[in-house]
Structures are given as structure tokens and as C-alpha cells.
Amino acid sequence: MKKYFRNFYKYRYLLYEIVRKNIKLQYRDSFLGILWTFLQPLLTTIVLVIVFGNLLGKDSSKVLNYPVYLLCGRLLYDFYSQSTKRAMRSIKNSASVIKKVYVPKYMYPLANVLSVFVTFLISLVVLVLFIAYFLIFSPNKPNITPYVFLAFIPIGILFILCLGVGLILCTLEVFFKDVEYLYDVFCMLLFYMTPIVYRIEQLKIENEWIMRLFMANPLYSIVNMFRDCVLFGQMININHLLYSLAFSVTMLVIGVVVFARKQDKFILHI
Amino acid sequence: MAQPAIKVENVSVLFNLNNEKIDNLKEYFIKFVTRKLHYNEFWALRDISFTVEKSDRVGILGFNGAGKSTLLKVVSGVLKPTKGNVEVHGVIAPMLELGAGFDMNYSGHENIYLYGATMGYPRKFIQERYDEIVKFSELEKFIDVPVKNYSSGMKARLGFAIASAVDPEVLILDEVLSVGDTKFRTKSEKKIVSMFDKGVTVLFVSHNTDQVRRICNKAIILDKGRLIAQGEVNEICDKYAELAAEKKK
């Protein structure tokens with residue numbers, strides 16, 4: 001165990017360099033560069049608000065700030081789907097290094113989740129701007145209370161989830177390339193299964209089992225908790241907290257075990 | 001007695017050579033169900049044991065497919081042996097393929113730090129050696145150009161410059177001295193010889209027995225995954241030349 005920590009300590013610079021590289025290269029050669037981290041969620045959210053705003057944003061029971069509601073969900077979903085997709089490809093993409101030099105292989109999925117995490121944190125500035133704008137100019141203001149500082153809890157849980165899923169996916173990807181295509185479809189399904197553009201009450205689900213299916217989605221709990229903190233200004237739901245934390249930690253444990261057991265075989269398949 | 005630098009004990013490596021590579025679920029499933037999932041097993045290394053004392057320079061000779069590169073991969077930790085184990089004491093600089101850790105979209109300047117980190121060195125450590133690396137690689141003019149625009153010789157030069165600048169204790173060379181032009185080859189050979197004075201341990205793979213004689217003081221011969229001879233460099237090189245002559249017949 002101690003050996004692993006010492007090894008991690010030795011290669012911590014590699015982690016830093018890969019994260020740095022990913023972020024630097026992502027926007028290289030683009031005219032606006034790092035500004036795209038803000039612009040991309042800003043513009044896509046505007047499109048979604050225009051498309052779904054009239055359809056789903058009207059809520060008779062509760063005055064809802066739809067743009068902020070939507071942006072919360074989208075930012076978290078984007079972090080999830082991008083980080084897991086990049087982690088999934090990380091081992092294959094680093095084949096040339098892994099085949100020739102000894103490096104702790106988990107650095108690659110970890111670094112990819114981390115680099116998406118950093119851009120996610122930067123893009124949170126858009127959310128702050130949105131909230132500030134609506135606080136000043138809108139009649140239905142987001143309710144900002146001290147609970148906003150609890151927002152790190154859903155973000156932290158989401159990070160654990162992404163890392164766990166990323167480790168599982170990159171291991172599978174080495175052996176079966178199909179995973180890449182299947183996962184794309186899965187992510188699309190997940191986007192619609194998670195209340196991002198709609199509110200779950202609007203679906204008027206009566207069947208108990210379908211409702212459970214929706215609730216089983218850990219992103220549902222995480223997104224809900226996040227909105228509780230930054231939009232509704234209320235304490236996070238303890239059931240959501242326990243469920244998503246247990247789910248995420250389980251994923252991470254499975255991911256670490258699967259990865260550790262298969263990593264010596266990677267080199268024969270990439 | 002001092003600890004040996006490299007200790008290889010009963011190392012065997014088994015490869016599963018599939019006739020065709022199965023990397024999608026459908027094929028795997030069909031083959032699994034129809035029980036056609038058989039592999040061609042192939043021992044790349046069989047029961048290899050040897051020790052390398054500190055500041056020994058060992059040449060590894062062998063024909064194509066003898067397992068030389070596999071052995072180097074096992075020693076540098078890239079590949080886990082199927083059986084047996086390997087102990088290495090000291091900092092390894094692997095030069096299995098120069099420039100393997102480069103990112104093509106990164107400039108030479110940025111790649112120096114990335115490659116350093118891949119070998120486990122902090123930014124500051126590389127910074128101190130940065131000028132030396134650039135000077136040795138003779139890439140001053142191109143250091144801010146993305147590596148994808150480098151020629152293979154330039155990449156090899158940069159890779160060699162970085163790997164040799166970090167004062168490794170164990171140097172693993174896989175035919176790296178056969179790249180680049182004569183001038184650079186002589187220069188890198190000189191650099192390696194200069195490292196001998198610091199007591200560096202070397203594992204060196206080459207087909208060129210003259211080069212092995214110049215660089216190494218000991219040698220081993222691998223044939224079809226087996227260690228068939230080890231000893232002083234001249235004796236082993238003569239033996240290898242005999243073997244090569246025999247093969248030609």
C-alpha cells in the first residue's frame with residue numbers, strides 16, 4: 001500500500017503535466033482560446049432555453065427561473081459525459097507511451113477526469129454570471145442563501161462517480177472497442193433520463209416502477225442537490241446525498257478493482 | 001558486497017497470439033459460445049536469469065524474434081513477466097523508442113517537460129537541465145515548433161537529449177544508436193561513454209557487434225527466448241559471430 005502512495009507521489013508531476021497539456025491543447029489554434037469554456041455552455045444554454053423554454057419552462061405550480069435551472073443541469077451533465085468519455089479513450093490514446101515507458105497507468109484516466117473537472121470549474125463562472133444577472137434584472141430571482149456553499153458536496157460526489165465510471169470504461173475499451181459506441185448511445189439516453197431540460201413533476205409519472213427507474217439515476221440525485229444549493233436555496237435532501245454517495249463510491253471501488261486486476265494485460269491489447 | 005543493479009530471476013513471458021485480433025463484443029461472444037476462443041501460446045522468454053552488477057555494461061545479442069526487446073520491456077517495468085521477477089535498483093532511463101512520450105501537437109519546448117514528467121521528474125528538475133537538453137539536441141531554432149512537424153531524426157535527437165540529461169543510474173538502450181546521421185550517432189555514443197565514468201549501468205541491444213564491443217564489457221546471447229550464453233564481451237561476440245555464420249549456411 002505504502003509502495004503505491006510513494007509511486008503516486010513520484011509521478012504526481014506527470015498528472016500535472018497531462019492535465020496542463022489537455023487544457024492547453026483543447027483550445028489551441030482556436031481564435032478565442034480558453035474563452036470557449038465560457039462561451040460554449042453559454043451559447044448552448046441559450047439555444048436550449050429558446051427551444052424548450054416555452055414548452056417545458058412554464059410551471060404553473062412554482063415560479064421557476066428556467067435558464068438557471070437548465071444551466072445547472074447542463075453543466076453537471078456535460079462534466080459527467082465529457083470526463084467519462086475522455087477517460088474511456090485515455091488508455092488507448094496513450095498506447096505509444098504505455099508500450100514503451102513505465103508509468104502508472106491509472107494516471108491517464110485520472111488526469112483526463114481532472115482536466116475536464118478544471119474546465120468545468122472555469123465554466124461555473126457562467127453560472128455565477130447567470131445568477132448575478134437574474135438577481136438584478138429578473139422578477140423570479142434565484143434564491144441565494146448560505147446553502148450555496150454546500151454546492152461542493154454534489155460536485156465532489158459527481159467527481160467520484162466520474163472517476164469510477166471512467167476507470168471501468170477505459171478498462172473495457174481496451175478489450176472491446178464497441179464500448180465506445182454503446183456508451184455514446186447510453187449518454188444520450190442519460191441526457192433525457194435526467195431532469196435537465198424538464199422537471200420530473202412535469203412527466204406526471206404514475207407508474208411506481210418507472211418513477212423508481214428515474215430515481216435510480218445517480219445524476220438525478222446529484223443534479224437535484226446542486227439545484228437545491230444554488231437555485232432554490234434550501235438544504236440538500238439527505239436521501240439524495242446518501243444514495244448518490246453510496247452509488248459513486250461503489251462505482252469507484254469497482255473501477256479501481258477492475259482496473260488494477262486488468263492493467264497488466266493492457267499492453268497486450270493496445 | 002554491493003547490491004546488484006539489475007537482478008532477473010527465472011523470468012518467463014507468455015504471449016497469447018490470436019490468429020485474428022478479437023476486439024469487439026460480437027466476435028468474442030460468438031467465439032466464446034462456439035468454443036473457438038483458443039489462443040496460440042508463445043513463450044517469448046523462457047526461464048531467464050542473470051544479474052548485472054553496478055556500472056556493468058551488458059550487451060544483449062540475438063537474432064530477430066529472440067526476445068531482446070521483450071526482455072528490455074520486462075526490465076524497464078512496461079511488461080509484467082508471466083513468471084519470475086525482476087529487481088532494479090536505481091533510476092532507470094528507458095530508451096526503448098526515442099520520443100515515445102511526445103505529444104505531436106505540443107512544441108519541442110513543452111514536450112521536454114512532458115517527457116521529463118513521464119519519466120517521473122519534476123518541472124524544476126527539468127528546468128535546470130533545459131538549456132543543456134536543447135543544446136545537445138541542436139534544435140534551438142525549432143524548439144517552439146510542434147513536434148508533428150519534426151523529422152524522425154529530430155524527434156530521436158530530442159528524445160535522446162532528454163533521456164540522457166537526467167543522470168540515470170540504469171540506462172536501457174534498444175538499438176537507439178542506429179538512428180540519426182553519423183554525426184549525431186557519434187555524439188550520442190560519446191555521451192553514453194561519458195556516463196560510464198559516473199558509474200551508470202547499461203543494458204544495450206544491438207545487432208552491431210562492433211558497437212557492442214565498444215560500449216559493453218559483458219554480453220549475453222538470447223535465442224528463441226532462451227539465454228544461451230553469457231560472459232565477457234569479446235568472448236560472447238565471437239560466439240555470436242560464429243552463430244550468425246552458421247545461420248547463414
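Proteins come first, then strands; the chains are lettered A, B, ... in the order of their sequence lines, and each starts at number 1.
Top candidate by heavy-atom pairs under 4.5 Å with chain B, chosen from A:R12, A:K21, A:M107, is A:K21.
Proximity to chain B involves both the backbone and the side chain of A:V101, based on heavy atoms less than 4.5 angstrom apart. With a threshold of 4.5 angstrom between heavy atoms, B:Y121 approaches chain A through N, CA, C or O but not through any side-chain atom. Using a 4.5 Å cut-off between heavy atoms, A:Y16 touches chain B through its side chain atoms alone. Looking at A:L15, there are no atoms closer than 4.5 Å to chain B (heavy atoms on both sides), in backbone or side chain. For A:K265, no part lies near chain B; criterion is any non-hydrogen pair under 4.5 Å.
Between A:R28 and B:Y106, the closest side-chain pair of non-hydrogen atoms falls below 4.5 Å. For the pair B:E110/A:R20, no side-chain contact is recorded, criterion being any heavy-atom separation below 4.5 Å from C-beta on.
In summary, B:R123 and A:E17 engage in a salt bridge, as defined by a charged side-chain N under 4.0 Å from a carboxylate O.
Within a 6.0 Å sphere centred on CZ of B:R226, heavy atoms belonging to other residues, nucleotides or ligands number 12 at most. With a 6.0 Å radius and a threshold of 12 heavy atoms from other residues, nucleotides or ligands, A:M188 has its CE atom at or below the threshold. More than 12 heavy atoms of other residues, nucleotides or ligands shown are found within 6.0 angstrom of NZ on A:K24. In the displayed structure, A:M215 atom CE is contacted under 6.0 Å by at most 12 heavy atoms of other residues, nucleotides or ligands. Other residues, nucleotides and ligands contribute at most 12 non-hydrogen atoms within 6.0 Å of the OH atom of A:Y4. Annotation: B:W43, atom CH2; neighbour count of heavy atoms from other residues, nucleotides and ligands within 6.0 Å is above 12.
Within residues 72-84 of chain B, the residues that have a heavy atom under 4.5 Å from a heavy atom of chain A are B:K73, B:S76, B:G77, B:V78, B:L79, B:K80, listed by number.
Between atom OH of residue A:Y13 and atom OH of residue B:Y113 there is a gap of 14.0 Å, rounded to the nearest 0.5 Å.
For residues 143-154 of chain B, the side-chain hydrogen bond (donor to acceptor under 3.5 Å, both in side chains) pairs, not counting sequence neighbours, are B:N105-B:K148.
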